[in-house]
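In what follows, a structure is listed as structure tokens, so that the remarks can point back to it.
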Number of protein chains: 2
Amino acid sequence: MNNKRVTSFDVAELAGVSRSTVSFVFSEDKQSRIRPETRQKVREAAEKLGYYPNASARALASNQSNTIGLIMTRSPRYIASDNFLPQIIGGLLDIVNQAQLGLLIEWVEPGQQIETYLQLTRAKHIDGMIILTPRFDDPGLTALEQIDIPCVLMGQIPECDLPYVDIDNRASAKLAVDYLIELGHRQIACITNAATAYSSASQRLEGYRDALKAADIALDESLIRIADFDAASGYTQMKDLLKEYPRFSAIFVASDNVALGALAAIHDAGLSVPEDISLVGFDDIPEAAFYYPKLTTVHTPAKEIAEESCHLLMQLLKGETPFSRTINIPTQLIIRESTRMIERSHITTC
Amino acid sequence: MNNKRVTSFDVAELAGVSRSTVSFVFSEDKQSRIRPETRQKVREAAEKLGYYPNASARALASNQSNTIGLIMTRSPRYIASDNFLPQIIGGLLDIVNQAQLGLLIEWVEPGQQIETYLQLTRAKHIDGMIILTPRFDDPGLTALEQIDIPCVLMGQIPECDLPYVDIDNRASAKLAVDYLIELGHRQIACITNAATAYSSASQRLEGYRDALKAADIALDESLIRIADFDAASGYTQMKDLLKEYPRFSAIFVASDNVALGALAAIHDAGLSVPEDISLVGFDDIPEAAFYYPKLTTVHTPAKEIAEESCHLLMQLLKGETPFSRTINIPTQLIIRESTRMIERSHITTC
DNA sequence: AGAGATTATTAACACGCGTTAATCGACAAT
DNA sequence: ATTGTCGATTAACGCGTGTTAATAATCTCT
């Protein structure tokens, strides 16, 4: 219940040294400058007084806040049902904690991007930022390119020169659809993970197209639906898509979250997976292995993505030149129980 | 590409006023002090120069960071698979954004609590904090009681005097189990949502006991298992519990996340829900309505909890005396398809 | 032992803004 | 015109720390 805030001055006084010495002790960079016994004295004094360096003062003086920002590109309504997010946050927290950094979470409204990015960076609330799920139509990104603040994209925007960490969405999606084709399916529907303004969504859709083309299957636009991150949208889109059944025997759903909703719609229609419809998801969120049926899906190493993004950003913060400004994390098709060889009956049906 | 940072001094110069005037314009409190036309001049100058008040300097001078902390009481490994979290974060972001506050996410390691709380509060990185899922065995909480910093618990700790926002876990759990009993079940198992060191876990377990006692059903400790937040632990515990089958015809799983794993274990054992086992979950996460079968569960208004916590904290920050330091959010049993009347066969079996 | 070289320590300024108390200016009443 | 009053504006100090350049202390070598 100390009524007065304790500052480095108090510590200095108690330790019988100057304030600068205290400051040196607490900025671990130049360890060698202070004699070990002096350092010890200071540490003890600080301990006794319960001294914690003031973050704001430190940030002001040193011009770095020791905090990084995680910027989300969608509204809280969609954030609330994104089961990919905890993995990202968990991964970031892990690294950030080790590096003694803070993690600030922000959300940017479409149309406000430039303003928000500038505000965040200029106000120096954060030293750098990670942008989760960037959008093609984000004018703020080009603005960021011209600014000094370190910034890493979790996801790739083709025209954009910012450093990024991503998976190869297009190739991974193709992998998934290839597998369906390999199982004998020729009529394959698709539900995206999000609006195509999100790079991951359009890239995964491209992968779907690639696979069909490679197998000489004509693209049927009527078998494509656009979802919105969550299971509810997957349910709605699948329900709509089922009007076309049995014009398809398999489906690629570009997000496990969305796939869960799609599964429910299929069950509600009295059909089953994989007997009537084979389904491949994307992301391999931790729950995917427990869905009914257990989801065949593309494993996206969320933790690794988070960690690599964070490492990359930290390198940029230190002014180091990273080995590469762009990092691609490999994915992997996980085969579980939501897919199977096409039924002979199905082949004759159409 | 301004090579020099723009400060309030620059704005003042361009607007032809003093720095103080600029400061007054940007702290919206005392609007009346500045003449509208002067205000306008300042705003235009700021706009033209691209001025953003420096957060650190502001925090240092005013002694408030305009940032609140969300403190999580478990390791990143468990954070990564918590599907309740996005709802909380979404809810907080919404409010925090409106109030022009920042949201800092932290994680506290068991054993480090006091140290971490002190560091966070004394360093003034944050003005106040919300502690998610508090633990009984957290010695930091009593430390916090004696400190000036505003703090709100999301969850209740009986011996603890800190303000909190919570649901009535015990009564809600009882509600869920009551419903199972009402359906004719007398042999009811239970899997907790987490270790009993977490208040919500032990309270929900208490509710389970209450219900049994109220119905004069003897408690069978061998039908209780402890899970760890995620589906994987639910799977493991259910698998173990199934050794006791058919000594139970229904189960209360105190978290939808965990319930998903339990469902998978039941399916894997060749049984079905609700035909062989009725299952009630807890939380009503957005996905629960899409599980197979759709989960009967206790709806926990996560968004509301987040919002109320944030509002309460903001009141405390402003120094206002809130109407109540403790807020209880009502829950509701949502009946879907994972529960049904007990089979006659089951009754005769035992 | 004394001069030079090296290291440990400190004084002093800077960081950008909030805020109080004092100053300035305009306008009304006398 | 002078004084008084009130509101708009500013000067100046403080917030707590980082950091450079200068000083003090210690050590090395002849």
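Numbers restart at 1 for each chain; the letters A, B, ... are given by sequence-line order, proteins then strands.
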Looking at [X] and [Y], would you say the former's side chain and the latter's main chain have a donor-acceptor pair under 3.5 Å?
{"X": "S65(A)", "Y": "A59(A)", "value": "no"}
{"X": "T73(A)", "Y": "T133(A)", "value": "yes"}
{"X": "R325(B)", "Y": "D161(B)", "value": "yes"}
{"X": "S199(B)", "Y": "I157(B)", "value": "no"}
{"X": "Q87(A)", "Y": "L85(A)", "value": "no"}

Give the rounded distance in Å between these two atoms: [atom1] of [X] and [atom2] of [N].
{"X": "Q64(A)", "N": "dG18(D)", "atom1": "CD", "atom2": "P", "answer": "10 Å"}
{"X": "R39(B)", "N": "dG7(D)", "atom1": "CZ", "atom2": "P", "answer": "16 Å"}
{"X": "E37(A)", "N": "dT7(C)", "atom1": "CD", "atom2": "C1'", "answer": "13 Å"}
{"X": "R58(A)", "N": "dG16(C)", "atom1": "CZ", "atom2": "C1'", "answer": "18 Å"}
{"X": "N54(B)", "N": "dA14(C)", "atom1": "CG", "atom2": "C1'", "answer": "13 Å"}
{"X": "D10(A)", "N": "dC15(D)", "atom1": "CG", "atom2": "C1'", "answer": "14 Å"}
{"X": "R122(A)", "N": "dG16(C)", "atom1": "CZ", "atom2": "P", "answer": "13 Å"}
{"X": "L60(B)", "N": "dC15(D)", "atom1": "CG", "atom2": "C1'", "answer": "4 Å"}

Indicate, with a heavy-atom threshold strictly under 4.0 Å, whether [X] touches base, sugar-phosphate, or nothing.
{"X": "V17(A)", "result": "sugar-phosphate"}
{"X": "S56(A)", "result": "nothing"}
{"X": "T7(A)", "result": "sugar-phosphate"}
{"X": "T21(B)", "result": "base"}
{"X": "S23(A)", "result": "base"}

Polar atoms only, N or O, under 3.5 Å: list the protein pairs with nucleotides 11-14 of chain D and their distances.
| from | atom 1 | to | atom 2 | distance (Å) |
| --- | --- | --- | --- | --- |
| dA11(D) | N7 | S20(B) | OG | 3.4 |
| dA11(D) | N6 | S20(B) | OG | 3.0 |
| dA12(D) | N6 | S20(B) | OG | 3.4 |

- request: On DNA chain D, check which nucleotide each of S62(A) and S62(B) is closest to and give me the residue with the more 5' one.
  value: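 Closer to the 5' end of DNA chain D: S62(B).
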message: With a 4.0 Å cutoff (strictly under), does any side-chain N or O of Y52(A) reach OP1 or OP2 of dT17(D)?
response: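 It does not, given that no N or O in the side chain of Y52(A) lies less than 4.0 Å from OP1 or OP2 of dT17(D).
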message: Check the phosphate of dT7(C) against R35(A), side-chain N and O only, distance under 4.0 Å to OP1 or OP2. Yes or no?
response: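 No, R35(A) has no side-chain N/O under 4.0 Å of OP1/OP2 on dT7(C).
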- prompt: Any cation-pi pair here, R43(A) with Y51(A), using under 6.0 Å and within 45°?
  reply: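 No, cation not above the ring by the 6.0 Å, 45° rule.
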message: Would R19(B) pass as a cation-pi partner of F24(B), given that its NZ or CZ must be under 6.0 Å from the six-membered ring centre and within 45 degrees of the axis?
response: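 That pair does not qualify as a cation-pi contact.
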message: If you assign V22(B) and K41(A) each to the DNA chain C nucleotide with the nearest heavy atom, which residue ends up on the more 5' nucleotide?
response: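 Residue closer to the 5' terminus by nearest nucleotide: K41(A).
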